[in-house]
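Residue numbers run from 1 in the order of the sequence given.
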Amino acid sequence: MNDLQPQQSDTQKNAIPCALLTDWQALSPWSILSFVMTSLRSIFTNGYALVPIFYAGWTNDISLFWIIDGAAILIGLLTTFAFIQWRKFRYRVKVNQLDVKRGLFFTKKDEIPLNRIQNIRFEQPFYFKPLNLAVLVIETAGSSKDEARLSAINAQHAHVLKQQLLQLQHEDVESSQLKQNENTPHQSLALTQPIITRSLKELILFGFYQNNFIWFAIIAGPIAGQIEWEKIVQSALFQQLITWVNHTTHESFILQLVLFVGLFIAGYVLFSAISIIASVLKYYPYTLDKRQQTLQRSGGIIAHQQDALAIKRIQVIHFHQPLLARVVNRWTLYLKQVKGNEVEEKTKQHMLIPAVKPNEIEQIFHPLSSLSQTPIRLPEGYMPINIAWLYKRIWLPFIPFTALSVLALLTPLPIDKALIEVALVAALIVCALLFVRFKRWGYFLQHDAVWQHSGLFGKHWKRIPFEKIQHVKIIQTHAQKKKQLAYIELGLASGAIVLPYIAIDTANLIAARAFNTISPHYKQWI
């Protein structure tokens, strides 16, 4: 069979239905642009720590021509490699599988069974919108990378192809079913069912409370080292500002506290502005729909994106409430999938639902009846782990303080008292954090699932259905055997979840429920 199909016009190519894609298909030449842009985005996204290096080089008078030449060489290499990839890339759709063929010196062929496809992500970057082109990203269970990436295909054709790969019914079939069901009030009048939408206000709120300072510290730290702070401090404007602050607040501790809190809030709002903009650009307008047995999330202003997730792939429902989200009473929901290249940000994140109110949780999961036999709502309380977990760890932070104190008393070594005081304060702070973590760690049992509660400043609830548990490991140390305690590890396709220092009877009960749930209805579901 020839790799290259007969030449056709763009209109004819776009009109080819997916059911006829049994011959090898070539991607559009515009896929070269997609590969180059994706590679550049990956370089800049993962190479943000190099920004201080470039900044330092700029301040040391590195020639602009060197930078331009380096960028031109990089783009040239990426374009050459992308051209070779485009010439060698072919795909076809069979009844039960997707075949992808690529390679330069050695041809690599992937045969992807349709029933193993976990997610299909529809992306439409800004440079493809005027051309009515899109990108389909196919992900399977357990994969550490994208199984296939079909770039620069017609947007309408991509939607139809996504339906076939997910083994969904075509729109024409749906339309005929809707007409047949018009006189049947007990049946659903639509195969696509809205789950939830998020307004601009909710997405702004999500970006605000989901803000992260780590990336800012990585970039701003080295750059701040290049700034001549002595000249700034000695400037007349800065000295006038310091004089005014001292004159205004030196007699009032309350004013000093208000000033400090105000500066902290202003700084946080300034830094979180980037997080808010990213949230709106990535998710607005956020919609989550159920289409047969898949969840489809869409949104994005500059680059429109649609994610499709098979409901049966959902392993754990993770409810996360950061510290600021507790103030506004919002939760972020993550639908954790089979471990692999997940929908959101590689393998660490999952398809998420932002800024969810507690009273919306049951409404969201009501249409997803296959996830639970009972309504899904957050438990009102939980059973804490045994306090022996805290006793085993509470004394560890005092080791440095004790060692310094002993050295100061029994040896002639010059030990600074301030260092001992710092070690004591640090030990007390760590002990307080350990106590808070202990108080937040617990579990709640239902007949079809077990919930894990954890957190430090924020809160985490994880719902683990018994039917998704693949293995159970119960561990007892010698001390735990005496106290009838144990660790229990619940292994799922999305990873392991541990409940430490719980009663051995409870651990055995969880294991028994998991096995009793799985054994009568065993089937290969991954």
Under 3.5 Å donor-acceptor, [X] side chain and [Y] backbone:
| X | Y | value |
| --- | --- | --- |
| Thr517 | Arg513 | yes |
| Gln240 | Leu237 | no |
| Arg313 | Ile311 | no |
| Ser31 | Leu27 | no |
| Glu362 | Glu360 | no |
| Arg198 | Leu203 | no |
| Arg440 | Gly458 | yes |
| Arg121 | Val135 | no |

Requested in this report: Before giving the answer on side-chain contact (heavy atoms from CB on, under 4.5 Å), spell out for Leu200 and Glu202 the whole-Å C-alpha distance, their side-chain angles and the decisive distance to 0.1 Å.
Outcome: CA-CA 6 Å; Leu200 179 62; Glu202 296 289 349; over 6 Å; no
Query raised in the report: Between Gln321, His453, His318, which is the residue that forms a side-chain hydrogen bond (donor to acceptor under 3.5 Å, both in side chains) with His460?
Result: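 Per the side-chain hydrogen bond (donor to acceptor under 3.5 Å, both in side chains) rule, the option paired with His460 is His318, out of Gln321, His453, His318.
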Report task. Only one of Thr287, Asp307, Asp289 passes side-chain hydrogen bond (donor to acceptor under 3.5 Å, both in side chains) with Arg297; say which it is. Result -> Asp307
Contact check, side chains of [X] and [Y], non-hydrogen atoms, under 4.5 Å:
| X | Y | result |
| --- | --- | --- |
| Leu333 | Phe365 | yes |
| Val100 | Phe89 | yes |
| Ser370 | Gln293 | yes |
| Ile153 | Leu150 | yes |
| Leu434 | Pro397 | yes |
| Met351 | Tyr334 | no |

Query - Side-chain H-bond candidate by donor/acceptor type, Thr332 with Tyr209, under 3.5 Å - result: yes
Query raised in the report: Under 3.5 Å, is there a donor-acceptor pair between the Arg463 and Ser372 side chains?
Result: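 Ser372 and Arg463 do have a side-chain donor-acceptor pair below 3.5 Å.
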Kindly compute the distance separating [atom1] ([X]) from [atom2] ([Y]), expressed to the nearest 0.5 Å.
| X | Y | atom1 | atom2 | value |
| --- | --- | --- | --- | --- |
| Gln452 | Leu490 | CD | CG | 8.5 Å |
| Tyr443 | Ser454 | OH | OG | 15.0 Å |
| Ile510 | Ile502 | CD1 | CD1 | 4.5 Å |
| Glu489 | Leu499 | CD | CG | 10.5 Å |
| Leu136 | Ser151 | CG | OG | 9.0 Å |
| Leu165 | Leu161 | CG | CG | 4.5 Å |

Query raised in the report: Does the ring centre of Phe35 sit less than 6.0 Å away from the ring centre of Trp30?
Result: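 No, too far apart.
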Nearest heavy-atom neighbours spanning [X] and [Y]:
| X | Y | answer |
| --- | --- | --- |
| Asp448 | Gln373 | OD2-N, 3.5 Å |
| Ile376 | Phe319 | CG2-CZ, 4.3 Å |
| Ala148 | Ile112 | CB-CD1, 4.2 Å |
| Ala158 | Ala134 | CB-CB, 4.4 Å |
| His157 | Tyr91 | NE2-OH, 3.9 Å |
| Pro367 | Lys290 | O-NZ, 2.9 Å |

Is [X] atom [atom1] crowded by more than 12 heavy atoms from other residues, nucleotides or ligands, each under 6.0 Å away?
| X | atom1 | answer |
| --- | --- | --- |
| Lys129 | NZ | yes |
| Gln239 | CD | yes |
| Tyr127 | OH | yes |

Requested in this report: Assess Arg437 against Trp441: is NZ or CZ under 6.0 Å from the centre of the six-membered ring, and within 45 degrees of the ring's axis?
Outcome: yes
Requested in this report: Fit a plane to each ring of Trp389 and Phe438, take the angle between them on a 0 to 90° scale, and name the class: parallel (under 30°), tilted (30 to 60°) or perpendicular (over 60°).
Outcome: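 Answer is parallel, since the angle falls under 30°.
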Query raised in the report: Salt-bridged, Glu123 to Arg149, with N to O below 4.0 Å?
Result: yes
